[in-house]
Q: 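A single structure is presented below for examination.
Quantities reported herein were computed from a predicted structural model and do not represent experimental measurements. No hydrogens, no waters, no symmetry mates; every other heavy atom, side chains included, goes into these values.
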Amino acid sequence: AGPSRWWSSATRRCCCTSWRPCGRWGRRGGAGHPRPSRRRLTRAPAGRCQPCGAGGELHVGGAGGRHAGAGAAGKGRVSPPVAPPPHPARLPHPPLTLCPQLGIRISLSHEKEPLGTAGPLALARDLLAEGGEPFFVLNSDVICEFPFAALARFHRQHGGEGSLVVTRVEEPAKYGVVVSEADTGRICRFVEKPRVFVSNKINAGLYIFNPGILQRIQLRPTSIEKEIFPAMAQEGQLYAMELQGFWMDIGQPKDFLTGMCMYLQALRAQHPEKLHSGPGVVGNVLVDPSAKIGANCVIGPNVTIGAGVVVEDGVRIKRCTVLKGARIRSHSWLESCIVGWSCSVGQWVRMENVTVLGEDVIVNDELYLNGANVLPHKSIAESVPEPRIIM
């Protein structure tokens, strides 16, 4: 009958109970089990976001994670808003409740079956074509400084149908690379995993399109990278802008932690006042004001601690993310971990090697977790000495 499927509030992705998470933090669970789209989409021609000054509306859609969050008229660099899964009510804070505080309107386009990386654009055709303004499309599993204003200016200047952001990599043979004209940025072709050097620039997953691109896409499973972009490049309608600063695909837990480190380093360079400081804080550490940290703790480097987190006395944490409402009890030691919402980690626990706890996981006292991936609402009563998934 095939694997059963359910929705994980820890990864915000579909999970396959026959093997392992199949969404952003895993792979497909078995034969005939399609991986959800990793994208969401938006257009934002009007209005203004109060925290960042970017204008607009937010349209989100797709089964797994395509989104964007600033209008072409937005100013500065902004972070994208929350993009919900097909069941927004299961999120801790449904994104529709963010509208008043952000000064934006959110519209949902629900992808009921996988449509690839381009099909969701056709599904939301009416939303995106409204007003005739360009719209952004973003991969939701990348992290960078999101240069929306610069990308919008670049797009207006060249006058083509689409623009994408590219980033340089050290080993281009591992990727599909983008070959473009050095002076104009016009994309000539795409080369998949080149054996000889032709370019070291890859698609960074940030785009801006004119509504005319919607005429190219049918409402069926379609790859924007393999079916739409090559045709646009052949017609001279696709341009590349090089990204300045850091970039990381954070679709896997280990890459998420690397991206977090990059973000914290960028924060250190641009807004060091936002980082936490004080006794026991080492390097780049970001702590929500509502979190409580006990005595004789050592936190950092590269740690983010969310709202309402409680860290008891004598805890050591480095290279970790601890999400909202979690509690780390006294004298525990965590390195390279992601601790999900409302988790409880007992006393004298040691966790390392990209251990990931889903929402509401309880880890009993005096246990060792080595590379464990624990699905939500589990109670761990014995050590996990070797990496494995606990379902």
Q: Check whether the side chains of Thr184 and His158 place a donor and an acceptor atom closer than 3.5 Å, and report yes or no.
A: no
Q: Ion pair present between Glu130 and Arg125, side-chain N to carboxylate O less than 4.0 angstrom?
A: no
Q: Under 6.0 Å between ring centres: does that hold for Phe136 and Phe148?
A: yes
Q: Is it true that, when you exclude Asn296 itself, more than 12 heavy atoms of the residues, nucleotides or ligands shown sit nearer than 6.0 Å to its CG?
A: no
Q: Applying the 4.5 Å side-chain criterion to the ILVMFWY set and letting contacts propagate, would Leu286 and Met248 be lumped into a single cluster?
A: yes
Q: Salt-bridged, Lys193 to Glu171, with N to O below 4.0 Å?
A: no
Q: Are more than 12 heavy atoms from other residues, nucleotides or ligands located less than 6.0 Å from atom CD of Glu170?
A: no
Q: Within the structure provided, determine whether Ile208 and Ser163 are in side-chain contact (heavy-atom separation under 4.5 Å).
A: yes
Q: Under a 4.0 Å threshold between the charged nitrogen and the carboxylate oxygen, would Glu386 count as salt-bridged to Arg388?
A: no
Q: Just checking, any donor-acceptor pair under 3.5 angstrom between side chains of Ser332 and Gln347?
A: no
Q: Return yes if a side-chain donor-acceptor contact under 3.5 Å exists between Asn284 and His276, otherwise no.
A: no
Q: Quick check: is Ile362 connected to Met351 through a chain of hydrophobic side chains (ILVMFWY, heavy atoms under 4.5 Å apart)?
A: no
Q: Quick check: are there more than 12 heavy atoms from other residues, nucleotides or ligands sitting under 6.0 Å from CD of Gln218?
A: no
Q: Given Phe229 and Tyr207, is the ring-ring contact (aromatic ring centres under 6.0 Å, His included) satisfied, shown in steps?
A: CA-CA 11 Å; Phe229 284 171; Tyr207 318 121; 5.2 Å; yes
Q: Decide yes or no on side chain to side chain contact (heavy atoms under 4.5 Å, CB included) for Leu375 and Ile389, but give the supporting numbers first.
A: CA-CA 8 Å; Leu375 271 64; Ile389 291 172; 3.8 Å; yes
Q: Do NZ/NE/NH1/NH2 and the carboxylate oxygens of Arg316 and Glu335 come within less than 4.0 Å?
A: no
Q: Is it the case that the side chains of Tyr239 and Glu181 hold a donor-acceptor pair, with the cut-off being a distance below 3.5 Å and no angle test?
A: no
Q: Is it the case that the side chains of Gln270 and Glu145 hold a donor-acceptor pair, with the cut-off being a distance below 3.5 Å and no angle test?
A: yes
Q: Following the transitive rule for hydrophobic clusters with a side-chain heavy-atom cut-off under 4.5 Å over Ile, Leu, Val, Met, Phe, Trp and Tyr, establish whether Phe256 and Leu267 coincide in one cluster.
A: yes
Q: Would Arg189 and Ser199 count as having a side-chain donor-acceptor pair, cut-off 3.5 Å?
A: no
Q: Test of understanding: clusters of I, L, V, M, F, W, Y form through side-chain heavy atoms closer than 4.5 Å, transitively. Do Leu257 and Leu275 belong to the same one?
A: yes
